Asker: 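For reference, the structure I am asking about is given below.
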Amino acid sequence: MIDSDFFDVLDDVIDACRQVRDEAPELPIILISSDVQGDDFSSDRLWICDATLRKPFAEGRLKEAAASALENNTAFRQRMPECLLAAPT
């Protein structure tokens, strides 16, 4: 889990997520933030994370995020070269 609220700029959040992705692609990443408009459990951000959770959140939403992150991480690893090529630079 990466909490974007502990970073000063968005680029640092993305760099941290990408570093985790590069070093441990099998590790599901849940990005949590109070700055996002809502939860995103889709695969739209696979190049940086497996699920995004808006703070504050209840335990039930965390469980949903974890389940989605596991599923999305499997998809990420299957499509890893494609996802990384699609990542903005």
Side-chain angles (χ1 to χ4, degrees):
M1 194 173 305
I2 296 176
D3 187 343
S4 70
D5 295 346
F6 286 105
F7 294 86
D8 292 326
V9 293
L10 181 59
D11 285 345
D12 291 344
V13 175
I14 293 170
D15 289 345
C17 290
R18 295 285 305 266
Q19 183 176 359
V20 172
R21 274 281 190 245
D22 290 346
E23 294 179 14
E26 72 285 353
L27 182 67
I29 299 171
I30 299 173
L31 180 63
I32 60 172
S33 175
S34 59
D35 293 328
V36 296
Q37 289 188 357
D39 299 339
D40 183 357
F41 301 157
S42 73
S43 60
D44 292 343
R45 297 183 180 134
L46 283 183
W47 57 278
I48 60 166
C49 66
D50 299 298
T52 303
L53 193 56
R54 178 172 168 66
K55 293 186 343 183
F57 51 85
E59 182 180 342
R61 293 302 286 162
L62 178 58
K63 288 179 180 180
E64 286 181 56
S68 294
L70 287 170
E71 184 177 317
N72 289 341
N73 184 263
T74 299
F76 168 76
R77 285 182 283 122
Q78 291 171 348
R79 300 173 23 203
M80 191 165 29
E82 173 190 330
C83 291
L84 295 177
L85 285 174
T89 56

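We use all heavy atoms of the structure for the numbers below, so side chains are in, but hydrogens, waters and symmetry mates are not. Keep in mind that this is a model prediction, so the values were computed, not measured.
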Asker: Measuring from Ile29:CD1 to Phe76:CZ, what's the distance to the nearest 0.5 Å?
Answerer: 7.5 Å
Asker: Quick check for you: to the nearest 0.5 Å, what is the distance between Glu26 atom CD and Asn73 atom CG?
Answerer: 8.0 Å
Asker: Once you round to the nearest 0.5 Å, how far does CG of Asp40 lie from CZ of Arg45?
Answerer: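 Reported value, rounded in 0.5 Å steps: 4.5 Å.
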Asker: Could you walk me through whether Cys49 and Ile2 pass the side-chain contact (heavy atoms from CB on, under 4.5 Å) check?
Answerer: CA-CA 9 Å; Cys49 66; Ile2 296 176; over 6 Å; no
Asker: Tell me whether Leu53 is reachable from Met1 by hopping between hydrophobic residues (I, L, V, M, F, W, Y) whose side-chain heavy atoms are closer than 4.5 Å.
Answerer: yes
Asker: Hey, what do you get for CZ (Arg79) to CG (Asn72), rounding to the nearest 0.5 Å?
Answerer: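 Output value for this atom pair is 9.0 Å.
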Asker: Among residues at least two apart in sequence or on other chains, which ones pass side chain to side chain donor-acceptor pair (under 3.5 Å) with Arg61?
Answerer: Asp39, Glu64
Asker: Identify the two heavy atoms, one from Cys17 and one from Leu31, that lie closest to each other, and give their separation to 0.1 Å.
Answerer: SG-CD1, 4.2 Å
Asker: For Gln37, give me all partners under side chain to side chain donor-acceptor pair (under 3.5 Å), at least two apart in sequence or on another chain.
Answerer: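 For Gln37 there are no side chain to side chain donor-acceptor pair (under 3.5 Å) partners, ignoring immediate neighbours.
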Asker: Going by side chain to side chain donor-acceptor pair (under 3.5 Å), name the residues that satisfy it together with Ser34, two or more places apart in sequence or in a different chain.
Answerer: Asp5
Asker: Identify the two heavy atoms, one from Ala65 and one from Ala51, that lie closest to each other, and give their separation to 0.1 Å.
Answerer: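 Answer, listing the atom of Ala65 first, then Ala51: O-CB, 3.8 Å.
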Asker: List the atom of Trp47, the atom of Arg21, and the distance in Å for their closest heavy-atom pair.
Answerer: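 In terms of heavy atoms, the two residues are closest at O-CG, 4.0 Å.
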Asker: Give a yes or no on whether Phe57 atom CZ has more than 12 heavy-atom contacts from other residues, nucleotides or ligands under 6.0 Å away.
Answerer: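 Counting neighbours around CZ of Phe57, more than 12 heavy atoms of other residues, nucleotides or ligands fall under 6.0 Å, so yes.
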Asker: Please determine if Arg77 and Asp50 form a salt bridge, counting it only when a charged side-chain N lies under 4.0 Å from a carboxylate O.
Answerer: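 Salt bridge flag = no for Asp50 with Arg77.
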Asker: Using the rule that two of Ile, Leu, Val, Met, Phe, Trp, Tyr join whenever any of their side-chain heavy atoms come within less than 4.5 Å, decide whether Phe41 and Leu70 are in one cluster.
Answerer: no
Asker: Out of curiosity, Arg54 CZ to Ile32 CD1, how far, rounded to the nearest 0.5 Å?
Answerer: 12.5 Å
Asker: Following the transitive rule for hydrophobic clusters with a side-chain heavy-atom cut-off under 4.5 Å over Ile, Leu, Val, Met, Phe, Trp and Tyr, establish whether Ile30 and Leu27 coincide in one cluster.
Answerer: no
